[in-house]
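Just below is one structure, and these are the notes that go with it.
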Amino acid sequence: MKPRSYFGPDDLAAMQRLVQRSWTTDSHWHLGDLGWQRPSMADRRIALWEDDEAGQVVAWAWISAPARLEMQAPAGLTGDVLAWFDQEAAGEQQTVTVVETDAALVEELSAAGYRPVDDEPFFRHCLRDLDDSLPAPRLPGGYLVRAVRPGELAARAAVHRAAWRPGRLGEMQVPPVDLGDGESGMTTKRYADIVSHWPYRSDLDLVVEAPDGRLVGTALGWLDEVNRVALLEPVGVDPEHGRRGLGVAVSLACLHAMRDAGATQAVVCPRGDDAYPVPRRLYHAVGFRDAGRTVTYRR
Ligand SMILES: CC(C)(COP(=O)(O)OP(=O)(O)OC[C@H]1O[C@@H](n2cnc3c(N)ncnc32)[C@H](O)[C@@H]1OP(=O)(O)O)[C@@H](O)C(=O)NCCC(=O)NCCS
């Protein structure tokens, strides 16, 4: 089957619908992953495979530099996707990340000469039931958690930048690495792009307000209403207010908001390797348990 190129937001929604139609606890993607990555889509080579009769996208793939493939395809189309990748990235070292349980894709990759690598981080999928066992969030004195308000886009983007400053992320690595003193790429414009598309909901976009009124923490939830499964992604706390329990509190508050909105299960995908352990510790502290993981293949 021949793919066509991605050309716009309607296509992203069609890719998300495919993720939603085929979601299981073993899935690589949640529709919120694609929503969060929306602003980056313009820089990627994206291909869609369509079933003309059904009028549906049945597989998609994108390539981010340098020659790194991300994809969603049923077993019958993985060969077509890999052939497209091979054509687009001819002569380059080709890298594909998959979930370990995707047996059809793993078999296809092995047959095509790809081998698993252990020089890259992997991501651990973690699951949590959103039942009565969900504890209430507890905040240190003077802080409060609430949904982001209209007009707070710039402050919302700024707290994301504070949490995701590369230098801080380098300090959190084991062993620490020097990632320089640059800034995260999150801008108000980028954030505005995310919030203006399905399935973003401001009632699932939670912020922590410090005693002085500044926003110092965030947790964003994404609800797949069909599968009643929610993604918690991302969570961030300004390092000036770190290690006071705010990450746990805002995550729990977001899980409550998602449960109230109808979710019965939550998923989160932190790094699973030992070089960046803090987020997984945080998610275990709010009751998530390890499920599947990603594996990277290269040839
Ligand atoms: C991960 C993050 C949100 C944690 O926020 P926080 O408010 O400092 O976290 P909490 O105070 O609620 O800590 C919860 C648990 O996480 C772990 N933890 C948090 N920060 C840690 C650190 N610097 N070193 C080791 N463990 C840490 C601990 O197990 C902690 O429990 P404890 O304090 O009882 O030991 C924050 O460090 C951050 O924004 N990091 C950068 C962005 C990121 O990686 N986000 C997560 C992936 S989406």
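Counting starts at 1 for both ligands and their atoms, following the listed order.
Judged by distance alone, the side chains of Q72 and S22 do bring a donor and an acceptor atom under 3.5 Å apart. A donor atom on one side chain and an acceptor atom on the other are found under 3.5 Å apart for R244 and Y143. For the residue pair R298/T95, the side-chain donor-acceptor check at 3.5 Å is satisfied.
Applying the salt bridge (charged side-chain N to carboxylate O under 4.0 Å, His left out) test between R68 and each of E120, E88, E92 identifies E120 as the sole match.
Here's the thing with E233: none of its N/O atoms is less than 3.5 angstrom from an N/O atom of ligand 1. An N or O contact shorter than 3.5 Å is missing between A285 and ligand 1 by distance. For a threshold of 3.5 Å applied to N or O pairs, the pair formed by G247 and ligand 1 contains at least one separation below that value. Considering backbone and side-chain atoms alike, W164 places every N or O at 3.5 Å or more from each N or O of ligand 1. Ligand 1 has an N or O atom lying under 3.5 Å from an N or O atom of R168, backbone or side chain. Inclusion of G245 in the set of residues having an N or O under 3.5 Å from an N or O of ligand 1 is warranted.
V278 CG1, 3.9 Å is the protein heavy atom nearest to atom 1 (C) of ligand 1. For atom 15 (C) of ligand 1, the closest non-hydrogen atom of the protein is L282 CA, 4.2 Å. Protein heavy atom nearest atom 45 (N) of ligand 1, with residue, atom name and distance: V235 O, 2.8 Å. Ranking protein heavy atoms by distance to atom 44 (O) of ligand 1, first place goes to Y276 OH, 2.6 Å.
Within the 3.5 Å criterion, the main-chain N or O of M1 finds a donor-acceptor partner in the side chain of D80.
Using a cut-off of 4.0 Å between Lys/Arg side-chain N and Asp/Glu carboxylate O, R299 and D86 are scored as salt-bridged.
Numbered from 1 in the order shown, with element, the atoms of ligand 1 that lie under 4.0 Å from a heavy atom of P279 read 44 (O), 46 (C), 47 (C). Which parts of ligand 1 touch R244 is read off a 4.0 Å heavy-atom cut-off, strictly below it: atoms 11 (O). Per-residue contacts place P234 under 4.0 angstrom from the following atoms of ligand 1 (heavy atoms of the residue considered): 48 (S). Applying the 4.0 Å criterion to heavy atoms of G242 picks out, from ligand 1, the atoms 8 (O). Close contacts of ligand 1 with Y283, meaning ligand atoms under 4.0 Å from a residue heavy atom, involve 46 (C), 47 (C), 48 (S). Which parts of ligand 1 touch L169 is read off a 4.0 Å heavy-atom cut-off, strictly below it: atoms 41 (C).
With a heavy-atom cut-off of 4.0 Å, W36 does not touch ligand 1 at all. Under 4.0 Å from ligand 1, heavy atoms of A163 appear from its side chain as well as its backbone.
The aromatic rings of W84 and W49 sit perpendicular, their planes meeting at an angle over 60°, well past the 30° parallel limit. Classification of the Y191-Y200 ring pair by plane angle, with boundaries at 30° and 60°, yields perpendicular.
By the criterion of side-chain heavy atoms lying less than 4.5 angstrom apart, applied directly or through intervening Ile, Leu, Val, Met, Phe, Trp or Tyr residues, V57 is grouped together with W62 in one hydrophobic cluster.
Taking the ring centre of F288 as origin, the terminal cationic atom of R128 falls outside the region bounded by 6.0 Å and 45° from the ring axis.
Ring centers of W222 and W198: at least 6.0 Å apart, outside the cut-off.
Taking every heavy atom of both residues into account, W29 and V19 meet most closely at O-CG1, 3.4 Å.
Counting non-hydrogen atoms of other residues, nucleotides and ligands closer than 6.0 Å to CG of D119 gives a total above 12.
For atom 34 (O) of ligand 1, the nearest protein heavy atom lies 4.0 Å away or farther.
Evaluated by nearest non-hydrogen atom to atom 31 (O) of ligand 1, the leading choice among R243, R281, R271 is R243. Comparing heavy-atom distances from atom 5 (O) of ligand 1 across V159, V237, V248, V286 singles out V237 as nearest.
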